[in-house]
Amino acid sequence: MAARAGFVISFFVLASALCAGCTTAPIDMSAADPVESEAMAQQAALRAAAAELTALVEDSGWSQGANPAEAARAMLGRLIGGGDESQERPSPVSAYIEGHDAPFRSAVADVEMLAERTRSLAVLAIAVASADGRLTQAGLARDIAASESALGAVRRAEGFFGAVRDAADLTEEEDAAFSSALSALREAEIGLARGADALAERRWAARSGLFG
């Protein structure tokens with residue numbers, strides 16, 4: 001009986017110690033706030049989508065001028081291989097047209113896809129800018145930078161495909177369809193610019209203490 005009593009006493013002492021540890025441990029309630037968690041998830045989605053959109057334009061070469069990475073690689077190749085700098089390389093627009101069997105269909109498909117992804121990014125930007133809960137100024141600054149980077153890429157691509165349309169041998173019907181696709185891309189670009197402006201306004205409100 002004495003052994004049993006000792007066991008019971010030891011059990012209650014251990015349980016009391018565990019409970020005491022539970023009451024003294026700090027509990028972070030803010031980390032479990034579903035509103036702020038959703039806002040942070042939207043921010044992560046925004047930055048990822050913006051980075052993917054920027055990379056798409058750069059990696060695809062949808063710019064009338066070579067991007068810095070391409071220019072550096074070309075210069076390095078000339079230094080190592082001793083290439084003839086006087087030999088002109090085809091322009092990105094010419095390379096795009098010559099690299100597709102059906103430039104019109106390829107270009108319209110690319111423009112429509114780019115417009116859709118730009119619209120989706122604009123929706124994300126507006127969602128973050130209007131999210132409930134507290135958003136840090138540093139986080140909003142990253143959101144703005146990501147959105148503006150993607151916006152610059154979309155504008156370069158818009159100019160590139162406009163040049164493709166001017167240089168390609170298109171029928172009247174093809175030219176009209178191409179123009180319609182470019183107009184949709186331009187509207188998507190305007191939407192993304194509004195989203196970036198909304199993020200800037202949200203950051204200003206956070207800095208002014210008007211909104212977290």
Side-chain angles (χ1 to χ4, degrees), residues 42-75 88-100 102-131 139-170 174-204:
Q42 289 173 331
Q43 284 183 297
L46 167 66
R47 295 169 199 167
E52 290 172 1
L53 186 55
T54 302
L56 171 66
V57 173
E58 292 180 350
D59 294 344
S60 301
W62 293 343
S63 176
Q64 295 188 68
N67 61 48
E70 283 187 1
R73 284 195 297 269
M75 179 176 293
E88 291 188 6
R89 295 166 58 95
S91 70
V93 171
S94 298
Y96 182 93
I97 294 173
E98 294 170 3
H100 293 84
F104 162 70
R105 286 197 296 271
S106 297
V108 169
D110 285 338
V111 169
E112 289 176 344
M113 178 268 292
L114 184 60
E116 178 61 29
R117 295 184 66 163
T118 303
R119 282 191 290 268
S120 297
L121 183 58
V123 169
L124 279 171
I126 294 296
V128 171
S130 58
L140 287 167
R142 291 194 295 272
D143 299 335
I144 295 168
S147 299
E148 290 183 343
S149 176
L151 180 60
V154 171
R155 285 172 173 167
R156 291 193 299 274
E158 181 187 341
F160 171 81
F161 283 110
V164 169
R165 174 203 162 199
D166 294 339
D169 185 14
L170 305 176
E174 289 174 340
D175 186 74
F178 207 149
S179 297
S180 178
L182 285 172
S183 294
L185 177 59
R186 193 169 299 112
E187 291 176 3
E189 176 218 309
I190 292 171
L192 180 54
R194 289 173 179 163
D197 288 343
L199 288 169
E201 291 175 2
R202 176 63 181 267
R203 183 169 181 248
W204 176 86

If you measure from [atom1] on [X] to [atom2] on [Y], what distance do you get to the nearest 0.5 Å?
| X | Y | atom1 | atom2 | value |
| --- | --- | --- | --- | --- |
| Leu192 | Leu185 | CG | CG | 10.5 Å |
| Leu56 | Met113 | CG | CE | 4.5 Å |
| Ile144 | Glu201 | CD1 | CD | 10.0 Å |
| Asp166 | Phe178 | CG | CZ | 9.0 Å |
| Arg47 | Asp143 | CZ | CG | 4.5 Å |
| Leu199 | Glu148 | CG | CD | 9.0 Å |

Legend entry - Polar side chain donor-acceptor pair, Ser180 to Ser183, under 3.5 angstrom: no
If you compare all heavy atoms of [X] against all heavy atoms of [Y], which two are closest, and at what distance to 0.1 Å?
| X | Y | answer |
| --- | --- | --- |
| Leu46 | Ser147 | CD1-OG, 3.8 Å |
| Leu53 | Arg117 | CD1-CB, 4.1 Å |
| Arg202 | Ala131 | NH1-O, 2.8 Å |
| Arg203 | Ala141 | NE-CB, 3.7 Å |
| Ala188 | Thr118 | O-CG2, 3.4 Å |
| Ile97 | Ala168 | CD1-N, 3.9 Å |

[X] side chain to [Y] backbone, donor-acceptor under 3.5 Å:
| X | Y | result |
| --- | --- | --- |
| Tyr96 | Ala107 | yes |
| Gln64 | Gly159 | yes |
| Ser179 | Asp175 | yes |

Inset, instruction - Would you indicate whether the side-chain heavy atoms of Ser106 and Pro103 approach each other to under 4.5 Å? - result: no
Inset, instruction - Could you check if a side-chain atom of Arg156 sits within less than 4.5 angstrom of a side-chain atom of Glu58, using non-hydrogen atoms only? - result: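 They are in side-chain contact.
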Inset, instruction - Before giving the answer on side chain to side chain contact (heavy atoms under 4.5 Å, CB included), spell out for Leu114 and Val57 the whole-Å C-alpha distance, their side-chain angles and the decisive distance to 0.1 Å. - result: CA-CA 9 Å; Leu114 184 60; Val57 173; 4.1 Å; yes
Legend entry - Check ion pair Arg119-Glu116 (N to O, under 4.0 angstrom):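 Yes, charged N to carboxylate O under 4.0 Å.
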